[in-house]
There are 2 protein chains.
Amino acid sequence: MPKRVDHEERRGQIAEALVRVAGRRGLHAVGMRDVAAEAGVSLRLVQYYFGTKEKLLLYGLQHLTDRFTERVGARLRAVGRDPGPRATAEALLLTSLPTDEESRTFHLLYTSYAVLSVTDEALAAQPFIANPDAAEDALAGLLRQAQESGLADPGVDARTEAIGLLAMAAAMGTSILVGQRGPESATEVLRHHLDRIFTPPDDGPPAP
Amino acid sequence: MPKRVDHEERRGQIAEALVRVAGRRGLHAVGMRDVAAEAGVSLRLVQYYFGTKEKLLLYGLQHLTDRFTERVGARLRAVGRDPGPRATAEALLLTSLPTDEESRTFHLLYTSYAVLSVTDEALAAQPFIANPDAAEDALAGLLRQAQESGLADPGVDARTEAIGLLAMAAAMGTSILVGQRGPESATEVLRHHLDRIFTPPDDGPPAP
DNA sequence: TTCTTCGTGATACGACCGTACCATCATGTT
DNA sequence: AACATGATGGTACGGTCGTATCACGAAGAA
């Protein structure tokens, strides 16, 4: 038998090539030959490891969301262990903004996939739609926990605010992507709403 | 000379055919032949009136935004003349939600065009990106006016709130489109934030 | 009436795309 | 050593897409 290469690793390399070229020229413009050239392999190889283009695209979506999940985790770890709910929520929201090349590519492709899923049933059946639901639950839980700890305004509805925050982050991310808005503006708006929700504890030590 | 047909009207008919078929099968999947068949004309006709596919797509985008502007105007007129800022803002925001087939198509195609504009410079040069800016100005002006009239909380920043409201409407519109959320949920979230911003006048007559 | 020009149809062309087929090489196994 | 099999390359095929070309009818102008 020949080299006995690791299939999963190879598929990952090709999927990353797909993400790169799709991030550059748009998901609609990427062909099997482009992916092969970007990955430095022959067209035949891409066929060999994925069979059909549809499977390649689905795998690419999976690869994309996996990498993004890791990215969010890294960002959360970067804010230090046991951060407050406010810092966690902020990291969660700001990570999804397209500020550097990687997040820009992620945002572009994720939106492309989402748009495609409206008219493509194979994509619509993909569970990547459920991902925002998980984020919504996490953020709502964070807010509720903050409310119980007295760190957040107990008068607001946690789930409603979570939905609103995630929606704002998503749409303003797209605005950044198309060049309509700068990342600073989006960050400012998000921070403003976080400030509104997270009431600072007013039982601090009085000034001397 | 022959029948001397109205070019602009004909182009409008073809553009509407483009919007219909693109709304059904996705913008990426629409070809010149599909548009011709949908419009009930020959492929040659589409070429004759638009020359190239790119021009057809640009014209279709223009047609789409024009129709949407009319729709917003109609919705504003439907709330009665001289409505309060609250009713105007609510109409503005709720009109952009994909609730019926027409708004669903609009939302899908507008998002498709926006995604394409990231990697297509001809679309990026199109002024359809400036449209949200106009909406932002209008909504911010509305909020500021309401603040001056004592109808809205004077403590909030009008522009920041306007940006947030439009962003929420846009992103939740996409959520509705992909089937992740129902229109009722989105409406509820928007109304919640409008309630927060628009403080009802508390100088009403005291209860007997 | 004749002619010019606009509108319309049918069809062909070249390019590209996804997929399938065939050949070859390298490497474990027997 | 012979062989079986996984990995890889090259290439061809059918289809579709955007565009270009050729042709014809019809109606206002001369």
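Hydrogens, waters and symmetry mates are skipped; everything else that's a heavy atom, side chains included, is used. Since the model is a prediction, treat every value here as computed from it, not as a measurement. Per chain, numbering begins at 1; letters A, B, ... match sequence-line order.
For D:dG6, neither phosphate oxygen OP1 nor OP2 lies less than 4.0 angstrom from any side-chain nitrogen or oxygen of A:H7. Checking the phosphate oxygens (OP1, OP2) of C:dG7, a side-chain nitrogen or oxygen of B:Y48 falls inside 4.0 Å. Contact annotation: A:Y49 does not reach the phosphate of D:dA7 (side-chain N/O to OP1 or OP2, under 4.0 Å).
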- prompt: When every nucleotide of nucleotides 11-21 of chain C is labelled 5' to 3' by its protein contacts under 4.0 Å (heavy atoms), B for base, S for sugar-phosphate only, - for none, what sequence of letters results?
  reply: -B----BBBBB
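Partners of A:Q180 under the side-chain hydrogen bond (donor to acceptor under 3.5 Å, both in side chains) rule, at least two apart in sequence or in another chain, are A:S175, B:D133. In this view, B:N131 satisfies the side-chain hydrogen bond (donor to acceptor under 3.5 Å, both in side chains) rule with no residue, not counting sequence neighbours. With sequence neighbours excluded, the residues that form a side-chain hydrogen bond (donor to acceptor under 3.5 Å, both in side chains) with A:S103 are A:D100. With sequence neighbours left out, B:F106 forms a ring-ring contact (aromatic ring centres under 6.0 Å, His included) with B:F68, B:Y110.
Ion pair B:E101/B:R104 flagged as a salt bridge, since at least one NZ, NE, NH1 or NH2 atom sits closer than 4.0 Å to an Asp/Glu carboxylate oxygen.
Distance CD (B:Q13) to C1' (C:dG7): 14 Å, rounded to an integer number of Å. Distance NE2 (B:H28) to P (D:dC17): 12 Å, rounded to an integer number of Å. Taking atom CG of B:L18 as the reference point, atom P of D:dG18 lies 11 Å away to the nearest angstrom. Residue A:R11 contributes atom CZ, which lies 12 Å from atom P of D:dA7 at whole-angstrom precision. Between B:L45 atom CG and C:dA10 atom P there is a gap of 10 Å when expressed in whole angstrom units.
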Atom pairs and distances, donor-acceptor, side-chain atoms in residues 30-43 of chain A, under 3.5 Å, two or more places apart:
| unit_1 | atom_1 | unit_2 | atom_2 | d |
| --- | --- | --- | --- | --- |
| A:D34 | OD1 | A:R25 | NH2 | 2.8 |
| A:D34 | OD2 | A:G31 | N | 2.8 |
| A:E38 | OE1 | A:R24 | NH2 | 2.5 |
| A:E38 | OE2 | A:R20 | NE | 2.8 |
| A:E38 | OE2 | A:R24 | NH2 | 2.9 |
| A:S42 | OG | A:L45 | N | 3.4 |

